[in-house]
Amino acid sequence: MNGLHEQFVAEARDLIHQATDDLIAVERESASVDRIDRIFRAFHTLKGSAGVVELPAMVLMLHAGEDVMAAIHSGTLAVTSEIIDQALACLDQVSRWVDSFEAEGTIPLEAGTRGQIAAQTLRELLPKSTAAETAIRERFVEADTEALPGWVARLVQEQRETISPPIETRPESLLAVSYEPRPGCFFDGDDPLALMRAIPDLLAFQVAARDAWPPLGGLDPYACNLRFEAISAGGRSELERIFRLVPDQVRIIPVPFETVAPEQTVGSDGEALDLVRNLIEEQRRVLTASDQREDMAGRAGGVARAAANALRHIRRDPLATPIEQALKTAISRADVSPLHGALDAALAALASATFAADAPDGDAAQAVEPATDAAGPTASRVLRVGEDRIEALLNLAGELIVAKNNFAHLARRIEKEMGEQDFARAVRRENDAIERLAGEMYAAILQLRLVPVAQAFRAFPRLVRDIAHRLGKKVALVTHGETTEADKTVVDRLFEPLLHLLRNALDHGIEGPETRHAAGKPGEATVTLRASRLGDRFVVEVSDDGCGIDPDVVRRRAAGGQFLAADELAALSDAQALNLIFAPGFSTAAKVSDISGRGVGMDVVRTMVEQLGGQVSVNSGVGTGTTVRLELPMNIALTRIMAVEIGGQVFGIPLDAVTETVRLSPDRIGQIKGNEGVVLRDRIVPICRLAEMMNVPTAPASEATHRLLVVIEAGGKVVAIEVDAIRDRFEAVLKPMQGLLSNARGYAGTTLLADGTILLVLDIKELLP
Amino acid sequence: VSVHRREDGTIVLAGPCMAEDAEPLLQLLQATPETSLDWVQCTFLHTAVLQVILAARTQPLGPCGDAWVARWVPDAPG
């Protein structure tokens with residue numbers, strides 16, 4: 001996939017999600033003009049991008065969807081449940097095609113037929129006359145301003161990164177030039193490149209073969225096989241003058257200014273604001289840092305200049321001027337406090353502006369900053385970076401921290417072995433500085449991995465709608481705190497437990513409409529998803545206003561299983577009893593005869609949440625509803641682990657320490673100074689029996705069988721550990737040892753396996769002799 | 001000459017490289033397609049010469065001495 005395709009996939013997914021959400025909102029609440037307009041534009045944009053990546057089937061179907069939305073928009077068609085269903089089905093199809101386009105670079109062969117049928121179905125929803133009118137209007141629009149020719153769209157897409165249009169002059173439109181010189185042009189003494197060089201205000205340029213290059217042996221150097229493309233901000237008459245001798249070989253097409261640079265002109269403001277704010281805060285610290293009088297004027301001058309320039313750069317001139325005035329006052333009084341005040345005032349003004357820029361509609365931001373009133377989209381400019389790249393960065397930062405640790409060791413050696421105390425102190429000081437920076441860098445990279453929990457939430461309106469339909473219940477899903485951020489892994493893995501919980505709430509928690517009426521509740525039930533921050537944890541709650549869980553029923557159910565003795569059960573508070581629903585195996589007992597409220601899979605939810613290093617609890621009132629609360633870490637660091645088996649027990653080894661695993665016949669193993677050892681890659685590697693180290697009883701290895709070794713490198717030593725079997729490898733969050741085990745040496749921590757058992761993960765460094 | 005081969009085998013473009021330099025450049029490239037091409041000394045690049053470089057899919061040792069080409073022709077041709 002090239003960059004253009006990747007961008008298409010990412011954009012298409014966003015648009016599909018957004019349109020799906022809007023369609024559901026239309027059905028649930030109202031068909032406001034805004035919403036219909038947004039849906040129309042989503043279909044329209046999707047159609048355009050599908051055209052650019054040449055997926056005609058998708059274009060055909062989306063075009064029909066767009067017509068339907070246009071008819072609703074113009075008032076000739078009323079929204080019905082069927083229309084919403086068809087529109088959602090259309091988006092589902094697009095979504096599947098986008099998936100297959102991403103995976104295979106193409107969409108299935110039968111897409112053409114399927115697209116035609118879908119388009120037909122959608123168009124049948126249109127009133128007859130509208131269908132005809134829309135078709136005519138569309139043709140007119142297409143011919144007029146719409147669809148840029150494919151080559152222009154491609155050029156704009158491919159060069160978007162490098163094009164920097166003259167924002168100051170902001171011409172109405174730019175001009176795209178395509179020039180295909182005649183093959184024989186060189187014989188006439190032409191130099192086509194010379195014409196391209198003459199283009200004024202060149203913004204983008206591309207040269208490529210018109211027909212694929214022949215092998216070098218068959219190339220005719222004097223037959224021109226090139227196509228030049230360019231975008232210029234210069235005037236049309238100038239271009240026409242340059243190409244006046246070759247009008248038949250050149251095409252000049254106007255490109256609306258917004259097509260080329262909508263993002264650059266608008267959204268980057270929020271980020272720039274943050275940068276400037278950090279810069280001014282830094283300047284403020286500089287100002288506070290030392291109070292030596294002699295260099296006060298110079299220091300204050302530098303601080304004020306840096307702050308004012310930064311403010312001017314983001315066009316906050318009114319904020320810059322007071323800072324410069326404050327500088328004069330400060331110098332005349334030999335006192336930095338006026339400057340302090342001015343910086344604080346600027347910071348406060350910026351803080352409110354940032355807040356406004358964060359507001360979803362962006363209106364407030366434009367009120368503060370008139371220069372950003374461009375007609376482009378108000379979405380903030382976002383850099384899409386592959387997860388793997390951030391992962392690589394994170395690993396590097398981790399290695400940097402490890403490498404940094406050697407400095408402390410070095411400082412000790414310098415002091416001990418060389419007796420250089422001053423030098424050692426200097427090294428230590430540098431070590432501290434690097435330590436701080438490496439720590440900050442690590443934290444900053446973790447920040448990059450933060451994503452809004454909305455990413456996990458956004459599929460749910462659709463799912464809740466579908467499940468509710470199937471169950472014949474009326475349910476409204478309300479979400480709060482979608483902007484709460486957490487590590488991408490946490491957010492990604494949150495989807496499944498939340499889906500379980502929502503299903504349970506809809507299936508078992510919420511009563512049928514009649515029961516609800518009888519209980520005096522509104523016919524439409526409410527399920528709430530709420531995310532919030534709690535210190536360094538974040539909390540997601542799933543609440544319903546259904547029938548709740550009766551703790552006595554849970555007690556009775558638990559008494560049937562083998563969870564607790566009868567007297568222990570009786571001693572449990574209601575709240576403790578409720579949490580029994582998370583006990584492993586409880587669900588199986590519950591499945592046989594549904595308890596009032598929750599049923600299947602609560603222990604699955606608990607396991608998934610605990611694997612993320614989180615906790616789950618439940619709160620419920622009979623007749624008023626149930627709330628399940630997930631408390632999760634915002635950041636998680638995953639450790640890669642290899643599980644090994646020794647004497648019937650399973651232990652984890654951090655995979656970072658493992659260099660290889662080998663299976664050897666016993667004759668390869670020799671005795672070295674009374675210990676067993678093996679020669680691997682020209683190195684003598686001692687063999688440790690993990691069973692002996694861990695005091696695990698094991699049968700003496702029979703001489704005939706092969707022996708399984710895990711070679712590990714830790715703390716500068718290479719050792720082979722003998723194990724009985726190697727199980728799977730996986731990533732997990734390590735929890736520190738707790739309770740009685742917290743002082744046990746040799747363990748890095750524990751982690752929960754998928755089957756609910758606890759895996760002890762070894763700390764190899766501590767175990768090695 | 002605008003096109004010649006250095007002792008180390010590298011093909012060198014120097015000074016203004018005009019249409020008539022395309023043919024000798026192509027012959028050198030055909031003889032040793034894997035060799036590197038140095039265009040730092042080139043002060044002007046004619047379309048025909050650029051076409052040979054693009055067709056050979058070679059990655060010249062840059063930057064090109066022709067400033068306009070250095071600015072606008074992408075590093076990785078083909």
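Both backbone and side-chain heavy atoms feed into the values below; hydrogens, waters and symmetry mates do not. Below, read A as the first sequence line, B as the second, and so on, with proteins coming before strands; counting in each chain starts at 1. As the structure is a computational prediction, the values presented were derived from the model and not from experiment.
- When each of B:A22, B:A55, B:A56, B:A19 is checked for heavy-atom pairs under 4.5 Å with chain A, B:A55 comes out on top.
- Across all their heavy atoms, B:V52 and A:P221 have their closest contact at CG2-CB, 4.1 Å.
- Across all non-hydrogen atoms, the minimal contact from B:H46 to A:D190 is NE2-O, 3.4 Å.
- How far CG of A:L216 is from CZ of B:R57: 9.0 Å, rounded to the nearest 0.5 Å.
- Partners of A:E240 by salt bridge (charged side-chain N to carboxylate O under 4.0 Å, His left out), not counting sequence neighbours, listed by chain and number: A:R236.
- Side-chain atoms of B:Q51 and A:N225, non-hydrogen and from C-beta on, do get closer than 4.5 Å to each other.
- Of all residues spanning residues 26-34 of chain B, those with a heavy atom less than 4.5 Å away from chain A's heavy atoms are B:L26, B:L29, B:Q30, arranged by number.
- Using a 4.5 Å heavy-atom threshold, the side chains of A:F205 and B:R71 count as separate.
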Can you list the steps and then say if B:F44 with A:L193 is a side chain to side chain contact (heavy atoms under 4.5 Å, CB included)? CA-CA 11 Å; B:F44 177 88; A:L193 199 57; over 6 Å; no

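- Contact annotation: the side chain of A:M196 never approaches that of B:W72 to less than 4.5 Å [non-hydrogen atoms, C-beta and beyond].
- Between B:A48 and A:Y222, the shortest heavy-atom distance links the atoms CB-CE2, 4.5 Å.
- In plain terms, the two heavy atoms of A:F228 and B:T47 that are nearest each other are CZ-CG2, 3.7 Å.
- For the set A:A209, A:A223, A:C185, the count of heavy-atom pairs under 4.5 angstrom toward chain B peaks at A:A223.
- The two residues A:L202 and B:W68 have their closest heavy-atom pair at CD2-CZ2, 3.5 Å.
- For A:R244, there are no side-chain hydrogen bond (donor to acceptor under 3.5 Å, both in side chains) partners, not counting sequence neighbours.
- Heavy atoms closer than 4.5 Å to chain A are found nowhere in B:L25, neither backbone nor side chain.
- Scanning for side-chain hydrogen bond (donor to acceptor under 3.5 Å, both in side chains) contacts around A:R197 gives B:D66, with sequence neighbours left out.
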